[in-house]
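Being a predicted model, the structure only gives us computed values, none of them experimental. Throughout, residue positions are numbered sequentially from 1 according to the sequence presented.
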Amino acid sequence: VQLQASGGGLVQSGGSLTLSCEASGLDLDYAIGWFRQAPGKEREPISCVRRTDGSGYYYIDSAKGRFTISGARGQNTVSLEMKDLRPEDTAVYYCATDETFGCPITIHTSGVWRTYWGNGTQVTVSS
């Protein structure tokens with residue numbers, strides 16, 4: 001399983017970015033989620049898409065209405081469109097899958113089940 005995240009960058013407050021997560025080596029109907037980790041903070045879940053029906057879920061109140069996740073079943077790319085970016089959105093963004101069809105993505109640290117992470121992509125929002 002490989003996940004490759006891209007699309008991060010430096011934008012001004014109010015700007016937009018679209019992150020992409022390219023997946024390979026797994027069932028392309030598995031759910032994929034986005035997480036982020038700001039300096040000095042724990043990694044937090046942002047959103048997840050259940051690709052069997054395209055349903056998107058958002059776990060940060062500030063993301064609702066500004067972020068849109070998309071990812072059709074059978075496609076190898078999941079996107080996170082981010083609008084009206086704020087300095088507090090500055091973080092490293094990661095995509096992940098736990099090889100199940102449902103959301104949210106469970107972070108497994110041991111045992112039979114695994115969570116696969118993509119490389120991080122830096123998003124920096126200047127004020």
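When all heavy atoms are compared, the tightest approach of G74 to D29 is N-OD1, 3.0 Å. In plain terms, the two heavy atoms of T121 and A5 that are nearest each other are CG2-CB, 4.2 Å. Pairing each heavy atom of D89 with each of Y93, the nearest pair is O-OH, 2.6 Å. Closest non-hydrogen pair, T97 versus A31, comes out as OG1-O, 2.9 Å. The two residues E99 and L26 have their closest heavy-atom pair at OE2-CB, 4.5 Å. Among all heavy-atom pairs drawn from T90 and A38, the shortest one is O-CB, 3.7 Å.
From Q12, atom CD reaches atom OG1 of T124 across 13.0 Å, with rounding to the nearest 0.5 Å. For the atom pair E44 CD and R36 CZ, the distance stands at 5.0 Å (nearest 0.5 Å). In this structure, CG in L28 is found 9.0 Å from OG1 in T77, a value given to the nearest 0.5 Å. Here N119 contributes atom CG and C95 contributes atom SG; the two are 7.0 Å apart, rounded to the nearest 0.5 Å. Expressed to the nearest 0.5 Å, how far NZ of K83 lies from OG1 of T68 amounts to 6.0 Å. The distance from atom CD of E88 to atom OG of S13, rounded to the nearest 0.5 Å, is 7.5 Å.
By the 4.5 Å heavy-atom criterion applied to side chains, I32 and C48 are not counted as neighbours. At least one side-chain heavy atom of R86 sits less than 4.5 Å from a side-chain heavy atom of S62. A 4.5 Å side-chain heavy-atom check between D98 and R114 finds every atom pair outside the cut-off. P104 has its side chain out of reach of P45: every pair of non-hydrogen atoms, C-beta onward, lies at least 4.5 Å apart. The shortest distance between side-chain heavy atoms of T115 and I105 falls below 4.5 Å. Within the 4.5 Å cutoff, the side chain of I107 has heavy atoms near those of the F35 side chain. Counting only heavy atoms from C-beta outward, the side chains of L80 and T18 never approach each other to under 4.5 Å. Side-chain contact between P87 and S126: absent, with no pair of heavy atoms (C-beta onward) separated by less than 4.5 Å.
Put simply, I69 and W117 are part of two different groups of oily side chains (I, L, V, M, F, W, Y) that touch within less than 4.5 Å, one to the next. When the side chains of ILVMFWY residues are joined at heavy-atom separations under 4.5 Å, either directly or via intervening members, L19 and Y58 end up in a single hydrophobic cluster. One hydrophobic cluster holds both L3 and V123 under the rule that ILVMFWY side chains link at heavy-atom gaps under 4.5 Å. V92 and I60 fall into different hydrophobic clusters, where Ile, Leu, Val, Met, Phe, Trp and Tyr are joined by side-chain heavy atoms under 4.5 Å apart, directly or via other members. Criterion: ILVMFWY side-chain heavy atoms under 4.5 Å apart, direct or through other members. Under it, Y59 and V78 are not part of a common hydrophobic cluster.
Ring centroid separation for the pair Y30 and F101 comes in under the 6.0 Å cut-off. Under the 6.0 Å cut-off for aromatic ring centres, W34 and F67 do not qualify, their centroids lying 6.0 Å or more apart.
More than 12 heavy-atom neighbours from other residues, nucleotides or ligands sit within 6.0 angstrom of NZ on K64. Environment of CD in Q2: sparse, with no more than 12 heavy atoms of neighbouring residues, nucleotides or ligands closer than 6.0 Å.
Between the side chain of S20 and the main chain of S79, no donor-acceptor pair closer than 3.5 Å is present.
With respect to D53 and R73, no salt bridge is recorded, no charged nitrogen being found less than 4.0 Å from a carboxylate O.
Defined by atom type and a distance below 3.5 Å, a donor-acceptor pair is missing between the side-chain atoms of S24 and E22.
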